[in-house]
Amino acid sequence: MAVLPSHLMTHSHDYRQRRAHTLSLLTELQQRMAKARNAGGPRAAAKLRKRDKLNARERLERLLDRDGSFLELSPLAAWGQYDDESPGAGCITGIGHVAGRLCVISANDTRVKGGAIYPATADKLVRAQQIARENGLPSVALTESAGANLLYQAELFAMGNRGGRGFANQAQMSAEGLAQVSLVFGSSTAGGAYVPGMSDINVMVRDKASVYLAGPPLVKAALGEDATDAELGGAEMHHTVSGLCDYLAEDDADAIRIGREIIGNLGCSTHHTERRAPKPPKYDPDELLGIVPPDLRLPFDMREVIARIVDGSEFDEFRAGYGDTLVCGIAWIDGYRVGILGNNGPLYSSAAQKATHFIQLCNQQRTPLVYLQNITGFMVGQEAERGGIVKDGSKMVHAVSTATVPQFTVLVGGSYGAGNYGMCGRAYDPRLLLTWPCSKIGVMGGPQAARVMRIVQEAAIRRMGGEPLPSDMADMEATVIAEFDRTADPYYATSRLWDDGIIDPRHTRQALAMGLAAAWNRDVRGAGQPKFGVLRM
Ligand code: COA
């Protein structure tokens with residue numbers, strides 16, 4: 001396999017300018033992450049200390065293997081929502097090793113609103129479950145939650161992931177043989193109570209954990225009954241009377257020790273690996289910082305990105321001389337064979353056909369796919385339409401939708417229009433969708449949308465016999481651009497769980513390696529034969 005040549009000039013002005021820009025974006029990302037990590041501030045920290053309790057992140061760190069890595073998912077979920085009172089949507093989720101076993105872990109963060117579930121919390125937890133299920137991984141819940149956030153309760157019934165979907169998922173995963181383990185550290189009420197309720201194995205901390213459908217005040221109000229926390233749902237009561245608690249732990253650390261033992265003793269996994277010995281890229285991944293220009297309208301070569309994330313920087317490019325706005329080829333990431341598709345311009349018919357062919361090939365050879373997005377969309381205009389861009393674009397969307405191998409998507413730059421669909425956007429269920437801090441997402445760019453709106457509105461006013469005022473039109477354009485800019489922001493997207501997190505570009509290889517390792521946990525070969533529908537040729 002040929003080593004990719006790199007033309008990146010690391011002493012050039014462009015490189016240094018791009019690197020400085022990416023580093024400034026990363027500083028912003030790190031500041032936002034730090035804010036999320038410090039949820040609740042000193043007040044919440046003092047409260048936990050006084051109660052002799054660990055916070056969610058400390059529990060998680062102690063649960064994970066010291067030498068294993070952890071891929072945190074959507075750490076900035078809920079960013080800019082709910083008056084920013086729920087950093088990370090009040091929970092931490094991710095994929096990591098516990099007692100040598102890859103698990104999906106979720107932890108309620110009680111530092112804000114008692115670990116109450118906001119709508120974005122429900123979405124984030126259900127997304128973590130989806131990853132566990134697709135990859136055949138056990139789930140471990142570090143539980144302590146006030147249940148539904150009562151101020152947002154109505155939204156918890158919205159379409160899709162909410163209204164108790166997480167409990168149905170727990171039951172279905174358990175039926176599929178995927179262990180559901182819950183470690184309960186504190187008060188878990190109502191929706192919070194159903195997590196251990198639906199788990200296969202529960203550990204509860206003596207004198208600290210309590211699980212009930214309604215706490216003492218509500219029971220008093222509803223039934224006139226007086227009961228203490230411990231009487232109503234304490235760990236000891238559940239261990240000796242109700243049978244909800246399988247293991248009684250003495251404190252947080254003991255619960256984590258028991259949890260690790262439980263995971264270590266689970267039945268053996270279905271690890272069918274076909275792996276090469278991994279080797280690092282030939283080019284320094286640190287240089288990933290200097291590739292994407294601050295102005296996303298300027299082109300860059302996605303091969304420079306590929307060269308810094310794949311083993312040995314080796315890339316076997318497929319049909320290199322055809323449809324050159326899309327780079328396709330086979331490479332290895334951390335010893336796993338993958339098919340990579342990366343954008344080097346808009347998708348023309350030729351590029352879409354090449355992609356369709358390549359996706360089918362990878363699917364037939366049971367090779368997972370990695371999509372590196374920097375896409376303005378499919379080509380528009382008379383020539384493209386007469387050339388059948390709708391047909392060819394649809395073929396690509398068809399191939400992505402029906403491929404049965406695991407797919408992974410990274411938003412490196414722009415992600416616009418149907419290009420987002422063809423390159424395996426969120427709705428196409430990539431096993432992981434990660435974004436770089438310089439990425440942008442939208443149906444089209446703000447200026448293009450503003451221009452479209454102007455043309456449409458001017459025509460409408462003229463139809464009514466009026467004459468559009470240029471100043472009104474300019475105001476309208478400015479409003480549309482501002483709104484598109486606001487919603488194209490990666491923080492807007494990550495807050496709403498449109499991705500699985502914004503990552504440091506230098507961690508792309510490790511993040512993909514973790515996703516591939518997780519995907520291998522459920523036998524790729526057994527994932528079903530390729531099932532394509534009819535491709536409209
Ligand atoms: N929805 C929204 N906010 C909630 C909440 C809920 N379900 N439960 C707690 N909160 C808020 C409190 O108002 C408080 O807000 P503040 O920080 O702005 O003052 C914060 O969370 C912490 O609550 P507090 O009671 O001070 O903390 P605690 O650690 O002593 O107790 C609980 C935590 C969860 C035991 C307790 O708050 C509780 O019992 N909450 C109600 C749980 C419930 O009945 N849920 C039903 C869901 S259907």
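Whatever order the structure lists ligands and atoms in, that order sets their numbers, starting from 1.
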- Query: Which atoms of ligand 1 are found less than 4.0 Å from any heavy atom of Ser187?
  - Reply: 35 (C)
- Query: Is Lys47 in contact with ligand 1, taking contact as a heavy-atom separation below 4.0 Å?
  - Reply: yes
- atom 32 (C) of ligand 1 within contact range, any protein heavy atom under 4.0 Å: no
- Query: With a 4.0 Å cut-off, strictly under, does atom 16 (P) of ligand 1 pick up any protein heavy atom?
  - Reply: yes
- Query: Under 4.0 angstrom from atom 38 (C) of ligand 1, is there any protein heavy atom?
  - Reply: no
- Can you run down the side chain to side chain donor-acceptor pair (under 3.5 Å) pairs that involve residues 407-424, sequence neighbours left out, and say none if there aren't any? Tyr371-Gln407, Gln373-Ser415, Ser415-Asn420
- Message: Is atom 25 (O) of ligand 1 touching the protein, meaning some protein heavy atom lies under 4.0 Å away?
- Response: no
- Does Glu58 come within less than 4.0 Å of Arg62, counting only side-chain N to carboxylate O? no
- Note on the structure: Checking heavy-atom distances from atom 9 (C) of ligand 1 to each of Arg111, Glu144, Gln153, Lys113, the winner is Lys113
- Item | Interfacing atoms of ligand 1 (cut-off 4.0 Å, heavy-atom, Asn149) | 1 (N), 2 (C)
- Heavy-atom proximity to atom 8 (N) of ligand 1 ranks first, among Gly192, Ala146, Ala214, Ala190, for Ala146
- Query: Mind checking whether Gly215 has a heavy atom under 4.0 Å from ligand 1?
  - Reply: no
- Right, does atom 43 (C) of ligand 1 have protein non-hydrogen atoms nearer than 4.0 Å? yes
- Task: Would you please determine whether Leu150 falls within less than 4.0 Å of ligand 1 on a heavy-atom basis?
- Result: yes
- Query: Would you say atom 47 (C) of ligand 1 touches the protein, meaning some protein heavy atom is under 4.0 Å from it?
  - Reply: yes
- Under 4.0 angstrom from atom 13 (O) of ligand 1, is there any protein heavy atom? no
- Message: I'd like to check atom 1 (N) of ligand 1 in this structure: does the protein have a heavy atom lying under 4.0 Å from it?
- Response: yes
